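Here the structure comes first, spelled out in structure tokens, and everything after it is commentary.
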Number of protein chains: 2
Amino acid sequence: MTSDNDISGDVAPPQVRTLADIGRIAGVSAGTVSRALAGSPLVKAKTREQIQALAREHDFRPNQMASKLRTRRTGVIGVVIPLGHERRQHISDPFFMTLLGYLADELTERGYDLMLSRAIPDDTPDWLERITSSGMVDGVIVIGQSDQYDKIERVAANYPNLVAWGTYRPGQIHCVVGTDNRAGGRMAAERLIAGGARKLVFLGDTTGIEIAERLDGARDAIAGRDATLVHLPCHLSNETMEGELREQLRANAGSFDAIVAASDLIAMSAMKVLHEQGMTIPDDVQIIGFDDLPLAAQTMPPLTTIRQDIARGAHEIVADLEASIAGRSKQHVVMEPILMERQTTL
Amino acid sequence: MTSDNDISGDVAPPQVRTLADIGRIAGVSAGTVSRALAGSPLVKAKTREQIQALAREHDFRPNQMASKLRTRRTGVIGVVIPLGHERRQHISDPFFMTLLGYLADELTERGYDLMLSRAIPDDTPDWLERITSSGMVDGVIVIGQSDQYDKIERVAANYPNLVAWGTYRPGQIHCVVGTDNRAGGRMAAERLIAGGARKLVFLGDTTGIEIAERLDGARDAIAGRDATLVHLPCHLSNETMEGELREQLRANAGSFDAIVAASDLIAMSAMKVLHEQGMTIPDDVQIIGFDDLPLAAQTMPPLTTIRQDIARGAHEIVADLEASIAGRSKQHVVMEPILMERQTTL
DNA sequence: TGATGGCTTGCAAACGTTTGTTAGCCCCGA
DNA sequence: TCGGGGCTAACAAACGTTTGCAAGCCATCA
């Protein structure tokens, strides 16, 4: 299973490692080399080109650490995913990954590097400060507030270059980009009721405030209508979710005719479990997801869901962050959720 | 849609920013503070604790840039995804993202930070050197060789701390961890033939060598048997894939009874398209995917696929890299693919 | 009493850039 | 002939740590 090709690691490193080395060869000072490589007009065009050619020839690139230290600008944005509740929630959660992908695109396009951290707040209370005040990043993006809302607030009070993905609460300090989760939850429940459902179930763990607001929204929709809503907690991590769901749905079989899922992933698992239990979707049970991940369109039947515009979210986050770094003001962005009608509703 | 809460960015930064600042308060030198915070036994226990308390109180953390420059160790691993062929392939490709997630877990557990880059080799020929010789990372992980095999070989010749995910070719220089793609392709085709299929189709673009080897494997399986294999190219990116597939499969309708898909994602799209076109899976057409992404088990019917052990792959990659950084020898890892029997085969 | 040695701590030299200031040089005009 | 100004390039001071070396202090021992 494992090849036995050992690979030796002995290679002579090239001799020219610093600006001074190049300078020595070219017969100029390190400072001049620095300017030449930066394309400064202060150095004569001819020597500039000579130096650049020399650097290319020796495959030389200035040490970024030294450069960053000197300029006090790193060109790096920290992206951190706090796994507050849901210790088991893997960083490879599809929603995070999708957002991360878009962020990577946005950031690289603007010349930033992206430093990814996974934080377990319960183990390391200073998970956020560790990133903001390490001198390693120009700004920080927090993906998901989880149960760390207060922590983020506190840090943001002293550290301006921070933008979070999540839910907006009036008066909050930290800049946030996200969807109106409450409106999304309401929209989902209303759609199910419009489809004839009366006994709704909400599937999801509400420790993270985003999810809690979706549940609140669903409750808003129920209020004053001839319908009921039961909340069945269920973890978000892939491994444990399906078993839990099977349990929950079996125990409550027959007592519900529609599901509001806190995420597309939960919706997909629920669909699978219901199918196993012999239910038809949407005839026996209607279901609506949340997120509109690319794979929501691929399920059978295709999943009706509440769409978050992740691509735009990533764009707004980076735009806000860049503004903040440049010293300009930034603003919260609360996006309206959109109902994607597919075939799991009547 | 957008709230108008402008957020001002004016905050007085704390006054204590350097070791020397702390030292001034504590009445010791910067050097001592450095040792104290590092927990060095060289400084008296009492002063050490005083200094640590002081640092905590002022919320001070040593500047990482300076530290890294001085120690010549960054604690950062670069992870780069070359999008060589497939310009349109988004970094949010589920396979990359899944591997990336596991890598993030492995790396953070071992105390490394992860710097993510997306590279478009066609635009920036020095995409890899830019990372290896920037002084910013202790090592580099390349996710997928794409069509950049030679480039990686060349760089690896001078830069030992590099590990790639991909295919192993006898005699290659750069350390690689991956699945035996050819065996996987063969396995898939053999399984389909065993299920009664005779007219196979391979779906996928073979510019990346990993995919090319899967196709070779499938051809191996055909050879000498009463079966045929047609290769239908199809891009890997989500947006364009489905349309292409619809086209391809319609044009060839009836002329095949089984599909070897180059990835689970392609398999899922194919299933959807076939369903639209009124085919039943697996009765009319059998299909086997590749990767065994978490969502392969969620399709309807659940997808038979060739499993790559991504979690183990991430583990091996990081282990190899760590060995290399420590100056120890590393070795290629070629994992055997595993056939995951589900319900898209007979 | 003086030397020895173990603890602590300070000193100062790196790490490799960037960049403000200074200095040489040459050409031009008065 | 001389002064001034425009180009170039060198000098040197940061950026904030880490760490080898030296030095001070105190106690112990001969």
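Note that the structure is predicted; figures quoted are calculated from it, not measured. Protein chains get the first letters and strands the later ones, always in sequence-line order, with residue 1 at the start of each. Heavy atoms only: backbone and side chains are in, while hydrogens, waters and symmetry mates are out.
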Taking side chain as C-beta onward, heavy atoms only, is A:Gln172 less than 4.5 Å from A:His332?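 Yes, their side chains come closer than 4.5 Å.
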NZ/NE/NH1/NH2 to OD/OE distance under 4.0 Å, B:Arg130 and B:Asp126 =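 Salt bridge: yes.
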- request: State plainly whether the residues B:Glu129 and B:Lys151 are in salt-bridge range, i.e. N to O under 4.0 Å.
  value: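 Here B:Glu129 pairs with B:Lys151 in a salt bridge, since their nearest N and O are under 4.0 Å apart.
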- Could you tell me whether B:Gly27 contacts a base, only the sugar-phosphate backbone, or nothing, with contacts defined as non-hydrogen atoms closer than 4.0 Å?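 Here B:Gly27 touches the backbone only, sparing every base.
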Need one value for A:Thr18: base, sugar-phosphate or nothing, where a base atom within 4.0 Å counts as base even if backbone is also close, heavy atoms only.
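Result for A:Thr18 = sugar-phosphate.
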Keeping [X] on the side-chain end and [Y] on the backbone end, is there a donor-acceptor pair under 3.5 Å?
{"X": "B:Asp320", "Y": "B:Lys330", "answer": "no"}
{"X": "A:Gln52", "Y": "A:Ala36", "answer": "yes"}
{"X": "A:Thr18", "Y": "A:Ala20", "answer": "yes"}
{"X": "A:Asn161", "Y": "A:Asp138", "answer": "yes"}
{"X": "A:Thr108", "Y": "A:Asp105", "answer": "yes"}

Length of the CD-C1' vector between B:Gln50 and C:dT9, whole Å:
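One finds 14 Å between C1' of C:dT9 and CD of B:Gln50, rounded.
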Legend entry - B:Met97 vs B:Leu100, side chain to side chain contact (heavy atoms under 4.5 Å, CB included): CA-CA, chis, key distance, verdict: CA-CA 5 Å; B:Met97 287 291 117; B:Leu100 179 61; 4.0 Å; yes
Report task. Under 4.0 Å from any atom of DNA chain D, heavy atoms only: list the residues of residues 59-72 of chain B that qualify, in numerical order. Result ->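 Nucleic-acid contacts, sorted: B:Phe60, B:Pro62, B:Asn63, B:Ala66, B:Ser67, B:Arg70, B:Thr71.
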_Side chains of B:His174 and B:Gln145 only: does a donor on one sit below 3.5 Å from an acceptor on the other?_
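Side-chain D/A pair, B:His174 to B:Gln145: present.
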By nearest heavy atom, map A:Gly31 and A:Arg48 onto DNA chain D; which one lands nearer the 5' end?
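Between the two, 5'-proximity favours A:Arg48.
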Could you tell me from which nucleotide to which nucleotide of DNA chain D, 5' to 3', there is an atom under 4.0 Å from chain B heavy atoms?
->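 Under 4.0 Å from chain B, the extent on DNA chain D is D:dG16 to D:dG20.
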Nearest 0.5 Å, please: how far is CG in A:Asn63 from OG in B:Ser134?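 Reported to 0.5 Å precision, the distance equals 7.5 Å.
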Dump every N/O contact between nucleotides 4-8 of chain C and the protein below 3.5 Å, one line per pair.
none

| Does a nitrogen or oxygen in the side chain of B:Ser29 sit under 4.0 Å from OP1 or OP2 of C:dC11? |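 No, because none of the side-chain N or O atoms of B:Ser29 sits under 4.0 Å from OP1 or OP2 of C:dC11.
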